[in-house]
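In the text below, chain A, chain B and the rest are named by the order of the sequence lines, each starting its count at 1. Computed from a predicted model, the values in this text were never measured in an experiment.
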2 protein chains.
Amino acid sequence: MGYKHNIEDILDIGTELIRTNGYHNVGINQILKACAIPKGSFYNFFETKEHFACEILNRYGERSKKMIEGFLLDKTLTPLNRLKSFYAMIIDVSEEDNYAGGCLLNTLSNEVGRLNDEIAETANTNFLVWIEVIANCVLEGQQQGEIIDSFPPEYIAEYLHAGSYGAFSRMKVTRSRTYLDNWYEMTFNFISK
Amino acid sequence: MGYKHNIEDILDIGTELIRTNGYHNVGINQILKACAIPKGSFYNFFETKEHFACEILNRYGERSKKMIEGFLLDKTLTPLNRLKSFYAMIIDVSEEDNYAGGCLLNTLSNEVGRLNDEIAETANTNFLVWIEVIANCVLEGQQQGEIIDSFPPEYIAEYLHAGSYGAFSRMKVTRSRTYLDNWYEMTFNFISK
DNA sequence: ACTAAATTAGACCAATTGGTTTAATTAGCC
DNA sequence: GGCTAATTAAACCAATTGGTCTAATTTAGT
């Protein structure tokens with residue numbers, strides 16, 4: 001039957017709070033309150049706030065990887081169209097989310113990437129896992145002549161995904177999808193053959 | 001002769017602290033300590049921490065505008081080469097800075113852009129001032145046939161500068177200029193005619 | 001020299017920060 | 001049923017948060 005509280009719930013709620021409000025702006029107490037768990041339970045599950053951040057990053061990384069694969073391994077579309085549908089979905093979801101947070105990995109990278117070694121490494125590792133999935137799709141597109149082959153697939157994959165992070169920065173202050181849409185249009189124009 | 005403390009020093013030190021450590025991670029007390037000023041003076045100059053953030057944003061915005069113009073109005077280079085030299089400089093400076101903070105405007109946009117209306121608007125306003133300067137240079141480049149004209153100059157300007165923000169996110173976790181360099185190479189390859 | 005306003009100084013405030021501790025309770029296993 | 005380990009619960013901690021307050025000092029204008 002298990003105990004009263006389960007880690008998954010704490011991770012879920014913590015992920016959303018930190019993704020939308022930032023790392024230093026969300027206290028342990030706030031997470032505890034939202035989860036309705038006492039402090040003892042939290043520190044039974046997690047050593048420190050830093051470790052907690054790494055755990056939600058890894059969890060977010062794994063789940064997102066599966067979601068990315070759901071789009072990029074879909075053989076009913078051409079590789080380029082798979083990529084397009086993936087980023088079109090990200091933009092739609094951001095709008096539904098009311099432009100609140102964007103990607104947890106990006107949020108933590110920007111806020112604590114330079115300050116905290118463990119969080120930085122965890123964020124980077126998970127990012128590179130995504131890049132591998134994206135690069136495979138890019139390579140397929142290159143082989144089918146849909147995508148430019150003037151750059152290695154990993155370069156294009158990083159360019160694509162990090163590019164979306166730049167767009168998130170603009171999204172957060174403009175509270176609109178306009179620049180996300182422009183970014184999408186221009187980037188796919190540039191990498192299409 | 002003036003009083004003992006001057007606002008400029010507080011703004012300078014506050015800018016650097018927040019740019020490199022983030023908004024919520026830097027307390028008023030920390031800024032006071034670094035400036036060696038008492039609290040009364042700080043709150044005599046600035047209403048709240050939020051207002052202080054807006055002031056350093058505006059100051060950073062104005063100074064950066066002048067610096068951008070220093071590069072982009074330099075008639076000894078072609079428009080495209082002016083843009084290239086500007087972003088090459090940004091990357092070099094980031095390396096010298098040990099990849100610490102990147103752009104204050106981007107840092108604040110990402111961390112508090114969605115949480116704080118005043119800071120968001122201030123960040124966006126200053127960003128758009130830069131975009132205007134960059135767009136003028138892009139337009140010149142288009143007129144001289146150096147830069148693609150398949151997109152409006154403002155679109156290319158935003159694409160350029162927001163793109164560099166995505167690269168900063170990667171820089172902070174990798175602690176290297178590698179992705180900044182790749183971004184530079186690819187972006188200028190895409191927008192060159 | 002006098003006055004009013006700006007500045008300086010730092011003690012003080014309630015609220016919150018991340019984290020510890022101790023005791024009670026619960027679960028799983030033999 | 002009894003034992004051990006995990007979990008729950010919340011009081012407690014020192015340090016820090018953004019911000020206020022009062023009093024002393026300094027400046028600029030007349």
Side-chain angles (χ1 to χ4, degrees), chain A residues 1-57 104 107-108 111-113 115-120 122, chain B residues 1-57 104 107-108 111-113 115-120 122:
Chain A
M1 243 209 73
Y3 285 90
K4 193 171 174 186
H5 308 299
N6 75 49
I7 293 197
E8 304 289 303
D9 291 342
I10 306 173
L11 289 166
D12 276 345
I13 291 171
T15 297
E16 274 310 284
L17 281 173
I18 291 179
R19 186 182 71 85
T20 53
N21 297 290
Y23 181 74
H24 292 108
N25 193 35
V26 172
I28 303 283
N29 289 314
Q30 190 183 343
I31 297 174
L32 301 180
K33 202 175 171 187
C35 301
I37 65 165
K39 232 167 199 184
S41 294
F42 183 90
Y43 279 99
N44 177 51
F45 291 136
F46 313 102
E47 259 186 70
T48 59
K49 190 188 184 186
E50 181 190 14
H51 281 69
F52 179 72
C54 290
E55 290 212 33
I56 63 175
L57 266 178
L104 172 74
T107 298
L108 285 172
E111 189 179 342
V112 286
L115 304 169
N116 187 301
D117 291 355
E118 254 188 279
I119 293 176
T122 307
Chain B
M1 241 210 74
Y3 286 88
K4 193 170 176 187
H5 308 299
N6 76 49
I7 293 198
E8 304 288 303
D9 292 342
I10 307 174
L11 289 166
D12 276 345
I13 291 171
T15 297
E16 274 310 284
L17 281 173
I18 291 179
R19 185 181 71 86
T20 52
N21 297 289
Y23 181 74
H24 292 106
N25 193 35
V26 173
I28 304 282
N29 288 314
Q30 189 182 343
I31 297 174
L32 301 181
K33 202 175 171 187
C35 302
I37 66 164
K39 241 182 191 168
S41 293
F42 184 89
Y43 281 99
N44 177 53
F45 290 137
F46 314 101
E47 258 185 69
T48 58
K49 189 188 183 186
E50 181 191 14
H51 280 70
F52 178 72
C54 289
E55 290 213 34
I56 63 174
L57 265 178
L104 172 75
T107 297
L108 284 171
E111 190 179 341
V112 286
L115 304 170
N116 188 301
D117 291 354
E118 254 189 279
I119 293 177
T122 308

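- The side-chain contact (heavy atoms from CB on, under 4.5 Å) check on B:I13 picks up B:L17, B:A34, B:C35, with sequence neighbours excluded.
- Remark: P of C:dA15 and CG of A:N25 are 19 Å apart, rounded to the nearest angstrom.
- When distances are taken from the side chain of B:H5 to each of C:dA9, D:dA10, D:dT8, the shortest belongs to C:dA9.
- Scanning for salt bridge (Lys or Arg N to Asp or Glu O under 4.0 Å) contacts around A:D117 gives B:R175, with sequence neighbours left out.
- Remark: B:T107 engages B:K172 in a side-chain contact (heavy atoms from CB on, under 4.5 Å) (not counting sequence neighbours).
- Of all non-hydrogen atoms in A:L32 and A:P38, the two that sit nearest each other are CD2-O, 4.1 Å.
- For the contact set between residues 28-37 of chain B and DNA chain D, defined by any heavy atom under 4.0 Å, the members are B:I28, B:N29.
- Here A:E16 pairs with A:R19 under the salt bridge (Lys or Arg N to Asp or Glu O under 4.0 Å) rule; sequence neighbours left out.
- Qualifying ring pair (Phe, Tyr, Trp, His ring centres under 6.0 Å) partners for B:F45, counting only residues two or more places apart in sequence or in other chains: none.
- Under the 4.5 Å side-chain criterion, counting only non-hydrogen atoms from C-beta, A:F42 is not in contact with A:K49.
- Each side chain to side chain donor-acceptor pair (under 3.5 Å) pair with one or both residues in residues 32-43 of chain B, not counting sequence neighbours, appears once here: B:N29-B:K39.
- Near DNA chain C, meaning a heavy atom under 4.0 Å from it, residues 42-51 of chain A has A:Y43, A:T48, A:K49 in order of number.
- Partners of B:E47 according to the side chain to side chain donor-acceptor pair (under 3.5 Å) rule, which considers only residues two or more places apart in sequence or in another chain, do not exist here.
- Considering only residues two or more places apart in sequence or on other chains, B:N25 meets the side chain to side chain donor-acceptor pair (under 3.5 Å) condition with A:H24.
- With sequence neighbours left out, the side chain to side chain donor-acceptor pair (under 3.5 Å) criterion links A:E118 to no other residue.
- The residue B:G40 sits close to a base: some heavy atom pair falls under 4.0 Å.
- Separating the NE2 atom of A:H24 from the P atom of C:dT16 is a distance of 19 Å, rounded to the nearest angstrom.
- Within a heavy-atom distance below 4.0 Å of DNA chain D, no residue of residues 8-22 of chain A is found.
- Set against D:dT8, C:dT20, C:dA9, the side chain of B:P38 has C:dA9 as its closest nucleotide.
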